[in-house]
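Every number for a ligand or one of its atoms is a count from 1 in the order of the listing.
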Amino acid sequence: MNKKTVLNKDQSPFLELFQRYPQNPILTANDWPYTVNSVFNPGATTFHNKILLLARVEDRRGLSHLTKAVSKDGISNWQIDTIPTMEADPEKHPEERWGIEDSRITWLAELNKWAVTYVAYSSDGPLVAIALTDDFVYFERLGPARPAEDKDAALFPRRIKGKWGLLHRPMVAQYAPAAHIWLSYSDDLIHWDERRVVLICRRGGWWDNSRIGLAAPPIETADGWLILYHGVRITASGSIYRLGVAMLDLDDPSRVLRRSDEWIFRPEKSYERLGDVADVVFPCGWVLDDQTGLVKMYYGGADSCIALATAALSDLIQYVSECPEAQKDAIL
Ligand code: BMA
């Protein structure tokens, strides 16, 4: 356990960094302007001084698309597109045969555009695709960045040593059944190489022992790149998706400086424990308010709804700075 932790006195005797919005969930299928099965796992960003979510919407066939919801306070009065914002286009992009899922949004100041990394569900399995947009109406698809099977990807907001960096989670036969977080670099956001492993699943009884994946895009801090990731443990009654944090070196993000031993957020509430897939908290976006220093984390609950939890960035940084140095090569 960390020496110092942040106590959420109002909610539980446990040590909590993130505080749930009491009226969670903030968005469900019932809020949608058209008929859907579920809404969950949204990417998130700031857009014209509002919070924009790009929700994963699963239709009643079981296939997903992305639809945006915009709100001034990021909590209520969501304006939701009345038709899908970004739909799979399997004719032009065969890799999107079975839909598009789980967006992560990064503002790229150099291009004056947002990059949306998303999962294209191809007939070979899920793969990582990237699109650029400046209005969240038209999306310029750059095509697959990584072949199947690969997902949980987000870009760093700026070039590192002249190259774009992408964190992602390939399934690599050599390391099966575990799945780790990797880093690839590109000059042009289209051709990706120099892949290297960054964060590994821990073995044995750990909470993140079977699969891990990046949750939200990295946040740049003076101490390094702060990342949030989900970790899966498979149990006799199914998988549990929980969250951890790590700090990566600013100049070489394949170097993990610190990593939480303990999970920092887990399914507890009924909307996280019960749904289409039980016991899942799955963030794809967090938004930092520069004025208040608060991070709003948007996450899917049990693959069925969208919920919100907030933490002070300074608390997250302090917490991770007291975490152990990462044992990168423990498994490989
Ligand atoms: C992962 C992704 C997520 C989903 C989670 C739990 O593999 O497919 O979209 O929320 O499983 O079902």
Just by modelled atom types, is the Gly74 backbone N or O under 3.5 Å from a matching donor or acceptor in the Tyr298 side chain? yes
Using a strict 4.0 Å cut-off to heavy atoms of Asp102, name the atoms of ligand 1 that fall inside it. 2 (C), 3 (C), 9 (O)
So the atoms of ligand 1 within less than 4.0 Å of a heavy atom of Val277 turn out to be 12 (O)
I want to know if ligand 1 touches Arg56 in the polar sense, i.e. an N/O pair below 3.5 angstrom. yes
for atom 12 (O) of ligand 1, nearest protein heavy atom and its distance come out as Asp303 OD2, 2.7 Å
Can you tell me how the ring of His230 sits relative to the ring of Tyr241, calling it parallel under 30°, perpendicular over 60° and tilted otherwise? tilted
Closest protein heavy atom (residue, atom, distance) for atom 11 (O) of ligand 1: Tyr241 OH, 3.1 Å
Check Asn41 against ligand 1 and report side chain, backbone, both or neither, counting heavy atoms closer than 4.0 Å. side chain
Under 4.0 Å, counting heavy atoms only: does Lys151 come that close to any atom of ligand 1? yes
Any Lys/Arg nitrogen of Arg104 or Asp152 sitting under 4.0 Å from an Asp/Glu carboxylate oxygen of the other? yes
Plane angle bin for Trp114 and Phe136 - parallel if under 30°, tilted between 30 and 60°, otherwise perpendicular: tilted
Restricting to side chain to side chain contact (heavy atoms under 4.5 Å, CB included), what partner residues turn up for Thr46, sequence neighbours left out? Val287
So side chain to side chain donor-acceptor pair (under 3.5 Å) across residues 273-288, not counting sequence neighbours, yields Asn37-Asp276, Arg273-Asp279
